[in-house]
Engineer: 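Before I ask anything, here is the structure I am working with.
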Protein chains: 2
Amino acid sequence: MGVNLKDIAQRAGVSLATVSNVVNGYRPVGERTRQRVQQAIDELGYSPNLGARHLRRGRTGLIALAVPELTNPYFAELAEIAISEAAALGYTLVMENTAAQREAELALLDGSRQRVIDGLILSPVRVGRKEVLARTAGSPLVLIGEGVYDVPHDHIAIDNVAASHAAIRHLVAIGRRRIAFIGATPGGDRQSAHLRVRGYREALAAAGLPYRPRLVARTDAFGRLDGMRAMRDLLALGDPPDAVFGYNDLIAIGALRALAEAGHRVPEDVAVVGIDDIEEGRFTAPTLTTIAPDKREIGRLAVRRLVARIEGAEVEGPLTVQTPFRLLRRESTGTPDA
Amino acid sequence: MGVNLKDIAQRAGVSLATVSNVVNGYRPVGERTRQRVQQAIDELGYSPNLGARHLRRGRTGLIALAVPELTNPYFAELAEIAISEAAALGYTLVMENTAAQREAELALLDGSRQRVIDGLILSPVRVGRKEVLARTAGSPLVLIGEGVYDVPHDHIAIDNVAASHAAIRHLVAIGRRRIAFIGATPGGDRQSAHLRVRGYREALAAAGLPYRPRLVARTDAFGRLDGMRAMRDLLALGDPPDAVFGYNDLIAIGALRALAEAGHRVPEDVAVVGIDDIEEGRFTAPTLTTIAPDKREIGRLAVRRLVARIEGAEVEGPLTVQTPFRLLRRESTGTPDA
DNA sequence: TTGAAAGCGCTAACAC
DNA sequence: GTGTTAGCGCTTTCAA
């Protein structure tokens, strides 16, 4: 249907190769020839058939970003950044939704889809080191977020333990003593949940506060509903917490809701902190204090690393990059930043 | 790099065509032969090169979903549905973010990208009938959401006017008289904003209430921040509203925030209604009354229509499909559903 | 500086 | 039921 190289070559009275060279600049073309070709291209409205180009080059120009839940604003915000970065580098980004399913993550790793995409950015939650190592697909892989360590792939993440420390230190600094954590995982999954719990425990210890297992609430998933339910359970304890640190902002927002329903004041009765800095947290009542990862940095770095690997470029620096984060104090801990 | 048809053919001692037939079922293959081929496929770990297949078939297997903002949960939720529906039909869905930019929408319509994708689902906000008609790209187009009418393309949307009616009727029914609208557009863009304003005016008239232009707040964009600012302005009026209808849930949530900051009670002083039924609205304090479009229906229908067009199937029924919606009463209008 | 031509891996029309 | 083969549109080597 479309106009192709041959049409242009005929119209301009040159060979296919010459047209290709005008389009790709693979080797020099005489000025007059180039003009004739360019004119033909403009007149006929040619644009290359990327499928054919990719077949020839052995690449598709597609990279995938696989996230456990697209409806988590954190991933939506990350996706928006990654999409534009990929476009800037001449790649098209395909979104995959693993729905936090182990099979979906394995399928991605093992490349049932892999023949179509040149590389994969994966936020793993149900697979670990072993599964990543067992990967057979040959295309580059960049891991983001969760903690699958000691694998021969690029990995972009914040320092989860340090992030927890920062959150807990803040809560301790405003005088809280019974600090709960919501979002521990039942199984061995969600490495980052383990890391965040570890940071929580370490920070409690550093502050001289006791670790109370009953204040660590497990959840099956990591959405608002999970946070709300867990908070209700915590409030039902004989001696409820005076602060809550959520695995992520959605959980913290769910906790805010449960607290409001139960008539507790935030932050007076209970202070709340999350992680992710999703926009929603700036509009809750009260606004949500959070640990803000540098999403722009994560999204851009992940795409750039992946593309560099695909194109065989040298990548300097270590495989694992820890991106910075900041504590954003807002109303839910009573001490908004300026 | 990968294993290809030829490798399998050699291994199994058959021709390329036979292997292709085993894989695609284009024509029958003898049972014994099929087994030998299947064994070779399993042993060598073959999976077809989709690029080559698509080149041959003249299709890429890619469809695009272009939305004005991926970080609007409405679109994220819609995308999640569309991605899985596309996968079920054997297509891969590519997300495009137009960022509500006219140029981005035009580029999509006119197919600078079009050679790679088999079809496009577009939520237009800055282009109208004329631009859609001027489209040169030949691949199928399905419009969702906004009101670009009288064009020869499938269009899936809710009845915006009727949705407004439902919202306003509800507010009138609970005794509100000074009902504001937030999210009118300055220029000629966002057809749906015009339609929603029209529904608002019609419903006011039907209820015998005066139309007060000062209660219609314009916004540049349609996020939480826009809603918050507009609400602040409305509150600064000599005679502020006793109810607010937001163009969408994000705007309504921004309005909630402004009301909370100003110390107004919702719904006692001001009732609030949005449109979209994003999950966030179930967790705000108070929870948000909203008009809930059937996102699942919209997402699935859009993908199915598009695929049907791509594959040249007969599509019955009219081009424009209006999907159902429901009013979900929650705390922000004081009368939660059961 | 330009042209001719060999495929990339696959499908489908045409043979047998 | 199976094999042979001509391309899909493009890039890139080899020649001129």
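Letters go in sequence order (proteins before strands), and every chain restarts at 1. Please read all numbers here as calculations on a predicted model, not as lab measurements.
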Engineer: With salt bridge (charged side-chain N to carboxylate O under 4.0 Å, His left out) as the criterion, how do B:Arg300 and B:Glu85 come out once you've worked through the C-alpha distance, each side chain's angles and the decisive distance to 0.1 Å?
Structural biologist: CA-CA 6 Å; B:Arg300 298 178 68 178; B:Glu85 183 69 17; 3.3 Å; yes

Engineer: So does B:Ser20 get a side-chain nitrogen or oxygen closer than 4.0 Å to the phosphate oxygens (OP1/OP2) of C:dC10?
Structural biologist: no

Engineer: In residues 29-40 of chain B, which ones come under 4.0 Å of DNA chain C, going by heavy atoms?
Structural biologist: none

Engineer: Need to verify one output field. Residue with the more 5' nearest nucleotide on DNA chain D, B:Val14 or A:Leu5?
Structural biologist: B:Val14

Engineer: Output the single nucleotide from C:dT11, C:dA4, D:dT11 whose closest atom is nearest the side chain of A:Ser15.
Structural biologist: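 The listed nucleotide nearest to A:Ser15's side chain is C:dA4.
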
Engineer: Between the side chains of B:Thr60 and B:Asp118, does any donor sit under 3.5 Å from an acceptor?
Structural biologist: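 Distance-only check passes for B:Thr60 and B:Asp118.
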
Engineer: Once salt bridge (Lys or Arg N to Asp or Glu O under 4.0 Å) is applied, what residue pairs with a partner in residues 13-29 of chain A remain, sequence neighbours excluded?
Structural biologist: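 Applying salt bridge (Lys or Arg N to Asp or Glu O under 4.0 Å) to every pair that reaches into residues 13-29 of chain A, excluding sequence neighbours, yields nothing.
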
Engineer: Within less than 4.0 Å of OP1 or OP2 of C:dT11, is there a side-chain N or O belonging to B:Asn24?
Structural biologist: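 Yes, B:Asn24 has a side-chain N/O under 4.0 Å of OP1/OP2 on C:dT11.
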
Engineer: When you look at B:Leu108 and B:Leu120, which way does the side chain to side chain contact (heavy atoms under 4.5 Å, CB included) test go after all the steps?
Structural biologist: CA-CA 8 Å; B:Leu108 248 6; B:Leu120 171 66; 4.0 Å; yes

Engineer: Roughly how far apart are B:Ile144 CD1 and B:Phe75 CZ, rounded to 0.5 Å?
Structural biologist: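 One gets 6.5 Å once the value is rounded to the nearest 0.5 Å.
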
Engineer: Name all pairs fulfilling the salt bridge (Lys or Arg N to Asp or Glu O under 4.0 Å) condition that reach into residues 53-66 of chain B, sequence neighbours left out, sorted by first residue then second.
Structural biologist: none

Engineer: Rounding to a whole Å, what distance do you find between B:Gln10:CD and D:dG3:P?
Structural biologist: 13 Å

Engineer: Can you name the side chain to side chain contact (heavy atoms under 4.5 Å, CB included) partners of B:Ala86, sequence neighbours left out?
Structural biologist: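 B:Ala86 satisfies side chain to side chain contact (heavy atoms under 4.5 Å, CB included) with B:Ile63, B:Tyr91, B:Leu93, B:Val303 only.
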
Engineer: Restricting to nitrogen or oxygen on both sides, can you table the protein-nucleotides 13-16 of chain C pairs closer than 3.5 Å?
Structural biologist:
residue	atom	partner	partner atom	Å
C:dA13	OP2	B:Tyr26	OH	2.8
C:dC14	N4	B:Arg27	NH1	2.8

Engineer: Just the rounded figure in Å: distance from P of C:dC8 to NZ of B:Lys6.
Structural biologist: 6 Å

Engineer: Spell out, as yes or no, whether a donor-acceptor pair under 3.5 Å connects the side chain of A:Arg126 to the backbone of A:Gln101.
Structural biologist: no

Engineer: What's the CG-P distance between B:Leu16 and D:dT4, to the nearest Å?
Structural biologist: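 My rounded result for the distance is 9 Å.
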
Engineer: Could you give all pairs that pass the salt bridge (Lys or Arg N to Asp or Glu O under 4.0 Å) test and reach residues 75-84 of chain A, with sequence neighbours left out?
Structural biologist: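 Found A:Glu77-A:Lys295.
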
Engineer: Of the nucleotides D:dG9, C:dT11, C:dC10, which has the atom closest to the B:Leu55 side chain?
Structural biologist: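 The listed nucleotide nearest to B:Leu55's side chain is D:dG9.
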
Engineer: Taking B:Asn24 for its side chain and B:Tyr26 for its backbone only, find out whether a donor-acceptor pair lies under 3.5 Å.
Structural biologist: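 Not confirmed, B:Asn24 side chain does not pair with B:Tyr26 backbone.
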
Engineer: Look at all strands and tell whether A:Thr18 reaches a base, only sugar-phosphate, or nothing, counting heavy atoms closer than 4.0 Å.
Structural biologist: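 Result for A:Thr18 = sugar-phosphate.
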
Engineer: Between D:dA6, C:dG3, D:dG3, spot the one nearest the side chain of B:Arg56, thanks.
Structural biologist: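 The answer is D:dA6, which lies nearest to the side chain.
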
Engineer: Between A:Asn49 (CG) and D:dG7 (C1'), how many Å, whole number?
Structural biologist: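 Whole-Å distance recorded here is 14 Å.
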
Engineer: B:Tyr46 OH to C:dG9 P: how many Å, rounded?
Structural biologist: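 Answer to the nearest Å: 10 Å.
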
Engineer: Using atom CD1 of B:Ile41 as one end and atom C1' of C:dG9 as the other, report the distance to the nearest whole Å.
Structural biologist: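 Result: 14 Å.
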
Engineer: Is any side-chain N or O of A:Asn4 closer than 4.0 Å to OP1 or OP2 of D:dG9?
Structural biologist: yes

Engineer: To the nearest angstrom, how far is A:Arg59 atom CZ from D:dT12 atom C1'?
Structural biologist: 15 Å

Engineer: Answer with base, sugar-phosphate or nothing: what part of the nucleic acid does B:Asn21 contact at a heavy-atom distance below 4.0 Å?
Structural biologist: nothing

